[in-house]
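Residue numbers run from 1 in the order of the sequence given.
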Amino acid sequence: REEDWLGLRRQLYLKYDGENFSFGDGPTQQSRLLIAGAALSYQRADDALFSRRGISVTLDVHGAVDKLASETTFIQSTLGARGVWPLGSRSRLLFRGEAGVTEADEFLLLPPAERYFTGGDRSVRGYAFQSLSPENAAGDNIGGSYLSVVSVEVDRLVRGNFGLAAFYDYGGTGDRIGEGLRGGFGVGLRYRSPVGMIRIDLAHPLDDDGTNFRLHLSLGPDL
């Protein structure tokens with residue numbers, strides 16, 4: 001159910017998640033969760049597809065209770081924010097932040113969808129998709145309980161709808177607050193298309209002493 005509420009957009013939901021999962025060559029596990037949740041969001045922008053000034057904030061809280069069609073009790077809260085501000089007539093400053101925490105009686109019973117992972121196109125660039133998280137004894141990424149990501153970017157249209165960008169991302173996931181944080185920086189090409197900004201980024205991970213770079217591609221509105 002989705003509706004306007006006190007100037008915000010509110011969504012109330014109930015879902016049943018039945019999932020079989022495994023990490024690497026490990027055994028297959030089963031997860032059965034009846035999840036209830038609520039999400040609040042606020043967005044204000046001068047343009048839906050190419051904002052020069054705007055902000056969006058989203059808070060999602062959901063969880064399950066053991067014995068109520070669920071195998072464990074947990075609650076998860078995730079807060080995300082994005083902002084855009086003009087820098088002159090053709091440049092912009094973009095900010096992105098995300099923080100989350102999961103409290104669970106048995107974290108290992110949670111499926112991957114209810115664990116935090118970072119790394120990738122819209123997360124910490126310079127790292128592979130979902131490659132930043134705690135690992136098991138075999139070296140497989142298994143997700144974490146805490147999430148924190150911040151990103152700062154400057155872009156500029158240089159000719160028509162084509163532009164350039166420079167960015168810095170920092171964040172990660174862990175079993176404790178502030179654990180597993182990594183940084184990445186890079187430059188990118190931008191094209192303002194009818195369906196939102198097309199972004200092609202070349203990013204370098206700061207925890208890598210070599211010369212590795214990773215190419216990232218994303219599409220859509222900034223907010």
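Environment of CD in Glu135: crowded, with over 12 heavy atoms of neighbouring residues, nucleotides or ligands closer than 6.0 Å. Within a 6.0 Å sphere centred on CZ of Arg10, other residues, nucleotides and ligands contribute more than 12 heavy atoms. Other residues, nucleotides and ligands contribute over 12 non-hydrogen atoms within 6.0 Å of the CZ atom of Phe21.
Hydrophobic clustering of Ile, Leu, Val, Met, Phe, Trp and Tyr side chains at less than 4.5 Å, counting indirect connections, keeps Met197 apart from Leu219. Hydrophobic clustering (ILVMFWY, side-chain heavy atoms < 4.5 Å, transitive): Leu40 and Tyr42 are in one cluster. By the criterion of side-chain heavy atoms lying less than 4.5 angstrom apart, applied directly or through intervening Ile, Leu, Val, Met, Phe, Trp or Tyr residues, Val154 is grouped together with Phe95 in one hydrophobic cluster. Placement of Phe107 and Ile35 within a single hydrophobic cluster is found when ILVMFWY residues are connected by side-chain heavy-atom separations under 4.5 Å, directly or transitively.
Salt bridge status for Asp121 with Arg214: absent, with no side-chain N to carboxylate O gap under 4.0 Å. Ion pairing between a basic and an acidic side chain is recognised when a charged N comes within 4.0 Å of a carboxylate O; Asp4 and Arg9 show such pairing.
The two residues Leu108 and Arg115 come nearest to each other via the heavy atoms O-NH2, 3.1 Å. Arg92 and Asp222 get closest at one heavy-atom pair: NH1-OD2, 2.8 Å. What you find for Ser123 and Asp169 is that their closest heavy atoms are O-OD2, 3.4 Å. Taking both residues in full, the closest heavy atoms of Val84 and Ser51 are given as CG1-O, 3.2 Å, listed atom of the first, atom of the second, then distance. Between Gly26 and Ser22, the shortest heavy-atom contact is O-CB, 3.7 Å. Summarising the geometry of Pro111 relative to Glu19, their closest heavy-atom pair is CB-OE1, 3.3 Å, with the distance given to 0.1 Å.
Proximity of a side-chain donor or acceptor of Ser56 to a complementary backbone N or O of Gln43 within less than 3.5 Å is not detected. Between the side chain of Glu114 and the backbone N or O of Leu110 there is no donor-acceptor pair closer than 3.5 Å. Judged by distance alone, with hydrogens and angles left aside, the side-chain atoms of Arg96 form no donor-acceptor pair with the main-chain N or O of Gly80 at under 3.5 Å. Using a distance-only test at 3.5 Å, with no hydrogens or angles considered, no donor-acceptor pair links the side chain of Asp17 to the main chain of Leu33.
For the atom pair Asp66 CG and Leu34 CG, the distance stands at 12.0 Å (nearest 0.5 Å). To the nearest 0.5 Å, atoms OH (Tyr16) and OG (Ser70) are separated by 7.5 Å. The distance from atom CD of Glu98 to atom CZ of Arg122, rounded to the nearest 0.5 Å, is 11.0 Å. Here the CG-OG distance, from Asp60 to Ser77, works out to 8.0 Å after rounding to the nearest 0.5 Å. Between the CG atom in Leu87 and the CG atom in Leu94 there is a gap of 9.0 Å [rounded to 0.5 Å]. Between the OG1 atom in Thr58 and the CG atom in Leu8 there is a gap of 10.0 Å [rounded to 0.5 Å].
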Show your working on salt bridge (Lys or Arg N to Asp or Glu O under 4.0 Å) between Asp207 and Arg182 and close with a plain yes or no.
CA-CA 7 Å; Asp207 69 329; Arg182 301 288 186 271; 3.2 Å; yes
Derivation and outcome, side chain to side chain contact (heavy atoms under 4.5 Å, CB included), residues Phe74 and Glu106
CA-CA 8 Å; Phe74 84 99; Glu106 295 288 344; over 6 Å; no
Side chain to side chain contact (heavy atoms under 4.5 Å, CB included) assessment of Ile200 paired with Leu217:
CA-CA 5 Å; Ile200 302 175; Leu217 174 65; 3.7 Å; yes
Evaluate the salt bridge (Lys or Arg N to Asp or Glu O under 4.0 Å) criterion for residues Glu153 and Arg125: first the C-alpha distance (whole Å), next the side-chain angles of each, then the deciding distance (0.1 Å), finally the verdict.
CA-CA 12 Å; Glu153 179 174 319; Arg125 286 164 287 188; 3.1 Å; yes
Checking Leu68 against Thr73 for the side chain to side chain contact (heavy atoms under 4.5 Å, CB included) test, could you report, in this order, the C-alpha distance in whole Å, the side-chain angles of both residues, the deciding distance, and whether it holds?
CA-CA 9 Å; Leu68 293 181; Thr73 297; over 6 Å; no
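The closest side-chain heavy-atom distance from Leu157 to Phe50 is below 4.5 Å. For the pair Leu79/Val57, a side-chain contact is recorded, criterion being any heavy-atom separation below 4.5 Å from C-beta on.
Remark: of the listed residues Asp155, Asp201, Asn161, Asp201 is the sole one forming a side-chain hydrogen bond (donor to acceptor under 3.5 Å, both in side chains) with Arg190.
One side chain, Thr102 or Gln76, offers a donor N or O that lies under 3.5 Å from an acceptor on the other.
If you chain together ILVMFWY residues whose side-chain heavy atoms come under 4.5 Å of each other, Tyr127 ends up grouped with Tyr116, Val124, Leu132, Leu147, Val149.
Using bins of under 30°, 30° to 60° and over 60° for the plane-to-plane angle, the ring pair Tyr168/Tyr170 lands in the parallel bin. Aromatic ring pairs are classed by plane angle as parallel below 30°, tilted from 30° to 60° and perpendicular above 60°; the pair His204 and Phe185 is perpendicular.
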